Amino acid sequence: MSTASKIVPFGSGGRIVEMACQSLSTAAEGLGALEARFSRRDFAATFLRLVGVIMNVRGRVIVTGIGKSGIVARKMTATLTSTGTPAIFLHPADAGHGDLGMVTPDDVVLMLSHSGESTELGPIIQYCKRFSIPLLAMTARPDSTVALAADICIDMPEVREACPNALTPTTSTTVQMAFGDALAVSLMEMRGFSADDFHKFHPNGRLGAQLVKVRELMVTNGDVPTVPEDASLLDATIEMTRARLGGTAIVDRAGRLIGAFTDGDLRRTVTGKQNLTDPVGRFMTVTPLSIGPDELASDALRIMHEKNITLLFVCEKDRLIGAIHMHELLHAGVA
């Protein structure tokens, strides 16, 4: 068959777009049904019990599922692990061939199954019962084998699959994924999981760069361009040239930041009749913008963009301790 014969005729394109939109609409209905569950007292109480068990577990959350539920379980494992809840994925097919040995009495098992009747999950259920390991479940069938065996069961809503034949797991897996995210976010809130904690688990890539603190990228000590308040224009110019950051801080005798003098200030100054021996304090920007060392580098970049500047001084209780330039932020991948 030629490539041309595989191209969908333009006239049928509207039907394809309609089906795509219908799929999204069906998924939205499923998410709405899940959200509505939380307004029920019994469901909310069960959810809080689930969160409580996971919060108090001494070991890890062993997440398991087969088929599409297994794929969702892998994603849920990754989200939990990266947000402060130690978790690992257990493949049901491998469980009966030795991997059940990874499950300890300190762990809790979270089992995902839409139907609640997947035979591959049987050995895991039996193992949990034999060794008194808490079994948590998510299923849309409250009278299923998995639901009846679980210590706590989340009764997921029965949803209409977006598949034209109402068979392929589509809406149901979307709802499972959303519940996993809701669980992870709830656990983050319970743990007080901060952006700093998040950075510890995500040190690389763009995400890590966005969570870098100012103190990790700023220049310090002798690399910070600094002149005293009684310095001359010539002194300030020499200091700016030495540091090559496009400006210099002006500090008082206590080391407090009281002003800034930049390349732009210098250009505006030399166009007049000023003498290079004139005090820089006459031409500096009074109370310049600054940032704290424990602020996010991404916040520093945002300030620079908003104020159209390329240099920020770093202060602790008004005392100058560093400087950070836009080039350094961009070089570090902060965006």
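Quick caveat, the model's predicted, so the values are computed rather than measured.
- When all heavy atoms of Ile154 and Thr46 are compared, the closest pair comes out as CD1-CG2, 3.9 Å.
- Pro142 and Ala140 get closest at one heavy-atom pair: CD-O, 3.5 Å.
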Check against side-chain contact (heavy atoms from CB on, under 4.5 Å), Gln176 and Met76: CA-CA 9 Å; Gln176 282 182 329; Met76 190 181 298; 5.9 Å; no
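- By the criterion of side-chain heavy atoms lying less than 4.5 angstrom apart, applied directly or through intervening Ile, Leu, Val, Met, Phe, Trp or Tyr residues, Phe179 is grouped together with Val159 in one hydrophobic cluster.
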Would you please test Leu330 and Leu301 for side-chain contact (heavy atoms from CB on, under 4.5 Å) and show each step? CA-CA 9 Å; Leu330 298 178; Leu301 186 60; 4.3 Å; yes
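- No side-chain heavy atom of Val61 sits less than 4.5 Å from a side-chain heavy atom of Ile88.
- Between the Ser186 side chain and the Ala182 main chain, a donor and an acceptor come within less than 3.5 Å of each other.
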Using the side-chain hydrogen bond (donor to acceptor under 3.5 Å, both in side chains) rule, take Arg191 and Thr83 through it: C-alpha gap first, then chi angles, then the decisive distance, then the call. CA-CA 9 Å; Arg191 297 184 193 282; Thr83 54; over 6 Å; no
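- Between the SG atom of Cys153 and the CG atom of Leu50 there is a distance of 10.0 Å, given to the nearest 0.5 Å.
- Contact record, Val280 with Ala236: CG2-CB, 3.7 Å, taken as the closest heavy-atom pair.
- Closest of all the heavy-atom pairs between Leu320 and Ala249 is CD2-CB, 3.6 Å.
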Give the intermediate values and the outcome of side-chain contact (heavy atoms from CB on, under 4.5 Å) for residues Ile71 and Arg74. CA-CA 5 Å; Ile71 296 173; Arg74 286 182 183 275; 5.6 Å; no
Could you walk me through whether Lys213 and Glu216 satisfy the salt bridge (charged side-chain N to carboxylate O under 4.0 Å, His left out) test, starting with their C-alpha distance in whole Å, then the side-chain angles of each, then the deciding distance to 0.1 Å, before giving a yes or no? CA-CA 6 Å; Lys213 298 292 183 67; Glu216 299 176 57; over 6 Å; no
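- Side-chain contact, Glu239 with Thr226: no donor N or O sits under 3.5 Å from an acceptor N or O.
- Aromatic ring orientation, Phe38 versus Phe47: perpendicular (interplanar angle above 60°, classes split at 30° and 60°).
- The residues Glu158 and Arg141 are annotated as salt-bridged, a charged nitrogen and a carboxylate oxygen being separated by less than 4.0 angstrom.
- Remark: the Thr145 side chain and the Glu117 side chain contain an N/O donor-acceptor pair separated by less than 3.5 Å.
- The structure places CZ of Arg37 at 6.5 Å from CZ of Phe43, a figure rounded to the nearest 0.5 Å.
- In this structure, Val214 and Leu296 have side chains that are not in contact, with every pair of non-hydrogen atoms separated by 4.5 Å or more.
- Contact check on Glu316 versus Arg215 returns a salt bridge, with a Lys/Arg side-chain nitrogen under 4.0 Å from an Asp/Glu carboxylate oxygen.
- A chain of hydrophobic side-chain contacts below 4.5 Å, direct or via other Ile, Leu, Val, Met, Phe, Trp or Tyr residues, connects Met240 to Phe283.
- Panel note: side chain Ser118, backbone Glu120; no donor-acceptor pair is recorded below 3.5 Å.
- Rounding to the nearest 0.5 Å gives a distance of 11.5 Å between CD1 of Ile238 and OG1 of Thr248.
- Interatomic distance, CG of Leu80 versus CE of Met188, reported as 11.0 Å (0.5 Å rounding).
- Taking a cutoff of 4.0 Å between a charged side-chain nitrogen and a carboxylate oxygen, Glu18 and Arg15 qualify as a salt bridge.
- Side chains of Leu110 and Thr64 form no contact here, defined as non-hydrogen atoms less than 4.5 Å apart.
- With contacts defined as side-chain heavy-atom distances shorter than 4.5 Å, the pair Gln126/Leu121 does not qualify.
- Applying side chain to side chain contact (heavy atoms under 4.5 Å, CB included) to Val72 and the options Leu112, Thr174, Val175 leaves one that passes, Leu112.
- One finds the CD1 atom of Ile124 at 9.5 Å from the NE2 atom of His91 (value rounded to the nearest 0.5 Å).
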What do the steps show when you test Thr310 against His325 for side-chain contact (heavy atoms from CB on, under 4.5 Å), and what is the final call? CA-CA 6 Å; Thr310 59; His325 194 277; 3.6 Å; yes
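- Cluster membership check: Val108 shares its hydrophobic cluster with Leu183, using side-chain heavy-atom separations under 4.5 Å among Ile, Leu, Val, Met, Phe, Trp and Tyr.
- A side-chain donor from one of Ser172 and Glu161 sits under 3.5 Å from a side-chain acceptor of the other.
- Between the side chain of Ser23 and the backbone N or O of Met19, no donor-acceptor pair lies under 3.5 Å.
- For the pair Leu135/Met111, a side-chain contact is recorded, criterion being any heavy-atom separation below 4.5 Å from C-beta on.
- In this structure, the side chain of Thr139 does not engage the main chain of Ala147 through any donor-acceptor pair within 3.5 Å.
- Between Ser113 and Met138, the closest side-chain pair of non-hydrogen atoms is not below 4.5 Å.
- Not a single donor-acceptor pair under 3.5 Å links the side chain of Asp235 to the backbone N or O of Ala231.
- Other residues, nucleotides and ligands contribute at most 12 non-hydrogen atoms within 6.0 Å of the CZ atom of Arg319.
- There is no path of hydrophobic side-chain contacts, each under 4.5 Å, that joins Ile133 to Ile54.
- How far CG of Asp94 is from CG of Asp99: 5.0 Å, rounded to the nearest 0.5 Å.
- Using a cutoff of 4.0 Å between basic side-chain nitrogens and carboxylate oxygens, Asp181 and Lys75 are scored as salt-bridged.
- At a threshold of 4.5 Å between non-hydrogen side-chain atoms, the residues Val57 and Met55 do not count as touching.
- A salt bridge links Arg60 with Asp107: the closest approach of a Lys/Arg side-chain nitrogen to an acidic carboxylate oxygen falls below 4.0 angstrom.
- Across all their heavy atoms, Lys129 and Asp151 have their closest contact at NZ-OD1, 4.2 Å.
- In this structure, Ile324 and Met304 approach most closely via the heavy-atom pair O-CE, 3.3 Å.
- At a threshold of 4.5 Å between non-hydrogen side-chain atoms, the residues Thr285 and Thr262 do not count as touching.
- Leu100 and Ile125 fall within the same hydrophobic cluster, defined by Ile, Leu, Val, Met, Phe, Trp and Tyr side-chain heavy atoms under 4.5 Å apart, directly or through other members.
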